[in-house]
Amino acid sequence: AERMHVGVLKFGTVSWELDTIKTHGLDEKNGVEIDIRFFASEDATNVALMAGDIDVMVSDWLWVSRQRSAGEDLTFFPYSTSVGAMMVPAASPIKSLTDLKAKKIGVAGGPLDKSWLFIQGLARDRFGIDLADENEIVYGAPPLLAEKARQGELDAVLNFWHYCARLEADGFRRLVSANEAARALGATGDVSAIGYIFHEKWARSHPEAIEGFLKASGEAKALLNRSDEEWPRLEPVVRAEGRELDVLRDRYREGIPNRTVEEEEEDAARLYTVLMRLGGERLVGPGKTLAPGTFWRVRE
Amino acid sequence: MPVVTVLSSFAALLLVWQVSAGLWPSRSFPAPFAVFQTFLAESASGDLPYHLGITLWRVAAAFFVAMIIGSVIGILLGSRQNLDRFFNPWVTLFLNIPALVVIVLAYIWFGLNEAAAIGAVAVNKIPNVIVTMREGARAIDPRYSEMASVYRFGALDRLRHILLPQLQPYFAAASRSGISLIWKIVLVVELLGRSNGVGFQINLFFQLFDVAAILAYTLAFVAVILLIEFTVVQPLEHASTRWRRRAA
Amino acid sequence: MPVVTVLSSFAALLLVWQVSAGLWPSRSFPAPFAVFQTFLAESASGDLPYHLGITLWRVAAAFFVAMIIGSVIGILLGSRQNLDRFFNPWVTLFLNIPALVVIVLAYIWFGLNEAAAIGAVAVNKIPNVIVTMREGARAIDPRYSEMASVYRFGALDRLRHILLPQLQPYFAAASRSGISLIWKIVLVVELLGRSNGVGFQINLFFQLFDVAAILAYTLAFVAVILLIEFTVVQPLEHASTRWRRRAA
Amino acid sequence: MHPHAGAAARLKVDIARKSFRASSGDALDVLRDLHFEVGENEFACILGPSGCGKTTTLRILLGLDTDYEGSFQLPGLGNGRRIGAVFQEPLLLPWRTVEQNVRQALPHGLRDRNLDSLFGSLGLKEMRNFYPGELSLGLARRAAIARAIAIDPDILLLDEPFVSLDEPTAQQLRHLLLAVWSERPTTALMVTHNLREAIMLSDRIIVLSERPAHVIGTFDIKLPRQYRSDQVKLDLLRSFNRKFPDRI
Amino acid sequence: MHPHAGAAARLKVDIARKSFRASSGDALDVLRDLHFEVGENEFACILGPSGCGKTTTLRILLGLDTDYEGSFQLPGLGNGRRIGAVFQEPLLLPWRTVEQNVRQALPHGLRDRNLDSLFGSLGLKEMRNFYPGELSLGLARRAAIARAIAIDPDILLLDEPFVSLDEPTAQQLRHLLLAVWSERPTTALMVTHNLREAIMLSDRIIVLSERPAHVIGTFDIKLPRQYRSDQVKLDLLRSFNRKFPDRI
Ligand SMILES: Nc1ncnc2c1ncn2[C@@H]1O[C@H](COP(=O)(O)OP(=O)(O)OP(=O)(O)O)[C@@H](O)[C@H]1O
Ligand SMILES: Nc1ncnc2c1ncn2[C@@H]1O[C@H](COP(=O)(O)OP(=O)(O)OP(=O)(O)O)[C@@H](O)[C@H]1O
Ligand SMILES: [Mg+2]
Ligand SMILES: [Mg+2]
């Protein structure tokens with residue numbers, strides 16, 4: 001079997017899936033041998049892919065499109081539609097985006113985060129509110145913002161989905177999720193925000209490896225979707241138990257992509273123009289449209 | 001003559017950079033001109049001056065807080081052996097607490113605000129200042145202090161004429177490496193919980209893997225530091241070390 | 001007597017910690033006992049010794065590389081004014097390049113390997129050593145060097161008996177704050193591209209906001225440093241500064 | 001324990017014992033039962049073998065060494081008195097010019113006094129703006145003497161002030177010192193190895209033994225200074241040599 | 001430009017001009033047309049007013065100052081010759097004990113020589129393991145003399161070696177010096193302010209003028225030392241005073 005190196009965050013959601021693959025030998029079954037490299041931050045996986053140390057990592061399609069416009073031959077295969085959501089405490093008086101005025105809002109991922117742009121776009125298009133102008137926005141590290149929300153310093157927090165799930169378990173509720181916002185802005189369904197990313201050239205020269213890997217990934221997803229028994233086993237990887245684990249499980253299942261790559265790509269292209277309008281060139285880079293080839297097509 | 005040296009130094013640096021960028025062409029190591037273009041674009045948009053200004057302010061504030069507190073503690077520990085023996089483990093502990101921990105705790109306790117940010121940076125730097133100034137205080141020549149006590153120097157005179165001149169090299173070392181350490185920690189602080197500043201920008205560009213922009217911001221900061229070095233620090237230092245016998 | 005002081009110092013530290021953890025109870029500021037429990041658990045699982053060992057190795061390697069290269073360059077610049085004038089801008093530049101930039105470039109150019117990691121850390125630290133040792137070399141008393149040249153000291157004797165004793169306080173300052181800076185950079189290096197080490201672990205725990213675990217790893221490192229301080233550094237330092245007149 | 005009591009008329013020294021513990025571990029008895037007095041406004045010289053404890057005695061009187069058994073009292077009004085001290089080495093601050101060194105030792109009321117004639121009579125006029133490192137040893141000693149004289153001292157404690165000077169210069173300075181001493185009521189205690197100098201200047205010569213130092217005897221010179229012709233001095237020298245045959 | 005040429009028999013000094021630029025900006029002419037010679041294995045003394053340029057001359061001969069106009073030659077075989085130098089200040093390494101200070105100055109072949117008798121005759125036996133900071137000035141001077149003598153010097157350059165010593169000790173050391181000087185062929189040049197000392201020790205006294213220094217005259221003493229009784233010395237003193245009436 002062909003060896004391939006996948007770089008992931010040690011406690012990131014991807015390692016749940018990879019752990020399942022390894023536990024059940026799904027990689028061997030599909031003719032590849034996955035070598036998992038753990039990293040401590042997303043930046044680290046970026047660097048590792050750039051340095052040629054790993055073959056596959058996880059990131060979003062916008063990043064891929066931007067890199068493609070800059071000449072890199074990266075490509076993207078959908079992994080999950082789970083995205084961030086704006087969370088508020090259960091007892092919060094904030095009921096909808098219109099209540100977000102003169103509030104302190106934490107935003108993970110920075111001003112160019114896609115979820116944040118979608119939600120801002122939604123607020124502007126639908127309610128005529130400029131969230132960034134009318135509230136105090138605090139950008140910061142996701143764990144820190146989650147903690148600050150629990151502490152009550154933040155009135156609302158937009159965070160990555162697994163932080164949101166944990167917050168949900170701690171009694172927070174979703175005000176609006178980025179997927180809802182994206183749909184309101186023209187997407188026809190939940191678009192996979194993140195996916196497996198690899199060099200096209202590598203994929204072309206290792207067709208068995210990439211195909212086997214994607215198949216194994218699909219099988220693992222199916223298993224995790226189907227079987228509740230799988231989850232207690234994952235406790236040490238997920239680092240959660242009880243209700244937290246349940247919420248994480250449910251949200252994970254919701255995020256399993258179920259549309260074809262073509263549909264995804266169409267929606268992505270649509271959202272790209274929205275993002276271009278919202279984030280400008282600074283976000284999307286010089287490309288006017290979603291760079292062709294951003295989505296990897298499995299050979300039929 | 002010094003001006004010529006400095007100019008040729010810069011020229012050589014640019015040349016080395018240009019040549020190595022040519023030898024290992026890579027998106028992650030842009031040539032000087034690309035960086036300069038980014039610098040112009042970011043300056044024109046007003047982003048760079050804005051974020052740089054904020055970062056400089058934070059660096060300056062944290063620098064003064066850290067240097068003053070650190071020097072006082074360092075001199076105290078260096079001149080009182082029993083105090084030093086007691087607090088040395090504390091200093092070592094604080095010296096080695098990761099910046100991340102201090103910053104996170106500061107944000108958690110004091111909220112996501114300027115004071116917490118600057119305080120966290122200062123707390124990170126203070127142990128370094130202590131360690132350097134403590135060595136300086138230990139190396140102080142007691143004979144001059146004795147002379148001062150015989151001639152009844154006041155506390156201020158003692159500080160100005162006895163202590164500071166002997167501590168000057170340590171102070172210079174602590175501030176030079178201090179500025180740079182503080183700037184690096186400010187970057188982390190801005191990354192973790194501020195919504196402006198060079199660190200915030202650099203992180204943004206890092207996510208986009210835009211090394212040219214990162215370098216543009218970095219070099220803008222270095223330029224400011226060099227400017228201060230040439231116009232303030234070196235003349236001051238020259239004046240305060242004039243007494244040293246020049247090497248033959 | 002010194003042992004008692006040190007013990008009471010630790011006791012006081014624990015007490016301060018315990019009391020403040022009691023005053024501001026928070027998940028982000030665990031009490032000593034909670035940290036100790038985590039420490040035991042992480043040690044029992046073998047994780048802590050493994051990652052700590054790797055990090056210590058990296059710190060040690062980068063430390064020696066940085067101290068040797070930095071000292072040589074620093075002493076050279078401090079004793080040759082024209083060299084210094086030329087290279088000073090370079091030093092300032094390298095002093096202020098964010099750790100991130102150096103680390104990323106090192107990984108991209110040399111691959112994600114140990115050599116790149118340690119090299120990146122050393123490159124980050126070397127300018128700090130240079131700056132401190134340069135001040136030390138500038139403060140050298142030329143009369144002793146003159147004596148040595150009259151009495152035809154060999155190069156090695158000159159180094160051992162003339163230079164090093166005068167540079168000792170600078171060396172001490174550079175190594176103490178050096179170890180801590182290197183350790184902090186190693187944390188970043190491990191964060192950005194290694195799959196083991198304390199920095200890797202700490203960041204994982206940060207994502208889980210498990211401050212107790214972060215502190216357990218930090219304190220384990222600090223304990224090692226303190227051990228080295230008490231068993232190696234202080235006796236050495238005591239021997240090498242015995243000549244100083246003790247304060248009355 | 002050390003009641004250097006307030007307004008006494010005489011300088012009175014009663015040191016039972018003073019010993020040093022050298023860093024090699026050896027204990028060294030330096031003073032043992034050292035008792036002597038100097039009358040109000042008298043000029044006394046201390047003569048004794050090299051290394052016997054003269055400087056140590058002066059240091060105790062200056063309050064620089066408090067680790068001894070015994071007591072002493074200084075003439076004058078407690079804290080108000082000004083001690084003009086000349087140390088055995090010049091002990092000028094190397095980072096201050098000659099003039100700054102002298103001025104900084106002045107009490108605040110005298111800071112602006114005109115020093116022209118003092119510098120003139122010490123041959124330091126041209127060297128006012130020199131740093132100590134640029135002086136010859138003799139010039140540095142003269143600057144140290146200037147510092148002691150400029151403060152209008154109530155007591156003079158001098159440790160071999162006139163060595164390293166050619167005879168004409170030394171003689172001139174001795175006269176200057178006498179002028180200062182007689183101008184205001186001043187008690188003076190001077191260490192010297194030069195018997196001729198002692199005979200010229202003092203009212204009483206205190207002769208010390210080898211280490212541990214105690215007083216072997218005193219030699220009083222009742223004759224006013226203006227009557228001490230060359231012949232008288234020669235006679236005094238002879239009678240001193242008779243009384244203390246070992247002191248050449 | 002400065003051909004301190006190889007194997008010459010005589011010490012020959014021809015310095016046209018030496019001037020300093022002080023940091024205050026003033027230029028100071030120190031030596032002007034200084035010409036003198038010292039015969040093979042002769043003992044010469046330099047006498048001159050304080051600050052006239054004696055130490056500067058010795059520094060030039062020691063090769064420590066090369067910024068002058070003129071030339072000189074030292075006796076002996078070029079690089080092989082060993083210069084026993086006593087500086088005007090003791091210049092012991094404060095971080096080495098007395099014995100280490102002496103031993104480290106020894107050429108490698110002599111490193112292990114027995115120093116007991118040397119230390120014994122200098123009264124340093126008990127102080128072998130003392131650090132210079134624990135010595136009295138007189139003891140430190142003796143240690144510096146020990147260092148110069150221990151190397152079996154081919155040339156002796158001494159800058160006021162016997163100040164700060166009581167007469168009996170000084171006299172004993174003068175005899176010791178003479179013994180060393182006559183034991184092997186040695187040319188000696190000694191700066192002193194003590195005319196009696198010069199008359200006792202030297203074959204020739206070189207008298208310098210005020211700054212800028214040049215030779216006013218020389219005073220040759222042909223009589224071998226063993227015939228110089230007290231009476232002869234007094235006569236020599238008188239005739240010296242007749243020849244140089246200003247030098248007391
Ligand atoms: N800090 C110290 N530690 C140990 N011994 C010391 C210390 N200071 C002085 N001594 C010793 O005490 C003795 C007396 O020293 P002191 O300086 O008083 O001598 P002195 O009479 O002034 O001699 P000199 O005429 O040479 O100046 C010396 O033997 C010296 O070695
Ligand atoms: N580095 C220097 N810069 C400027 N002037 C200096 C420097 N070194 C010495 N001088 C000056 O040169 C002159 C001669 O100094 P030198 O030390 O040779 O005198 P000296 O004859 O040894 O006097 P002494 O008997 O007092 O030791 C002095 O006036 C001194 O101020
Ligand atoms: Mg003395
Ligand atoms: Mg001299």
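Reckoned from all heavy atoms, side chains included, excluding hydrogens, waters and symmetry mates. In what follows, chains carry the letters A, B, and so on, assigned in the order in which the sequence lines appear, proteins first and then strands, with residues in each chain numbered from 1.
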Neighbour count above 12 (heavy atom, 6.0 Å) for F94(C) CZ: no
Does a sphere of radius 6.0 Å around CZ in F230(C) hold more than 12 heavy atoms from other residues, nucleotides or ligands, not counting ones at 6.0 Å or beyond?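 Yes - once you tally the heavy atoms of other residues, nucleotides and ligands closer than 6.0 Å, there are more than 12.
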Sort by residue number and list every member of residues 164-180 of chain C having a non-hydrogen atom under 4.5 Å from chain E.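 Listed by number, the contacting residues are P165(C), Q166(C).
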Once rounded to the nearest 0.5 Å, what's the spacing between atom CD of E89(E) and atom CZ of R143(C)?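 Rounded to the nearest 0.5 Å, the CD-CZ separation comes out at 5.5 Å.
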Pairwise distance OH(Y131(E)) to CZ(R242(C)) - rounded to 0.5 angstrom: 3.5 Å
Using a 3.5 Å distance criterion without hydrogens, assess whether the side chain of Y151(C) forms a donor-acceptor pair with backbone atoms of A85(E). yes
With a 4.5 Å heavy-atom cut-off (strictly below), which parts of residues 91-116 of chain E touch chain C? List them by number. L91(E), L92(E), L93(E), P94(E), W95(E), R96(E), Q104(E), A105(E), H108(E), R111(E)
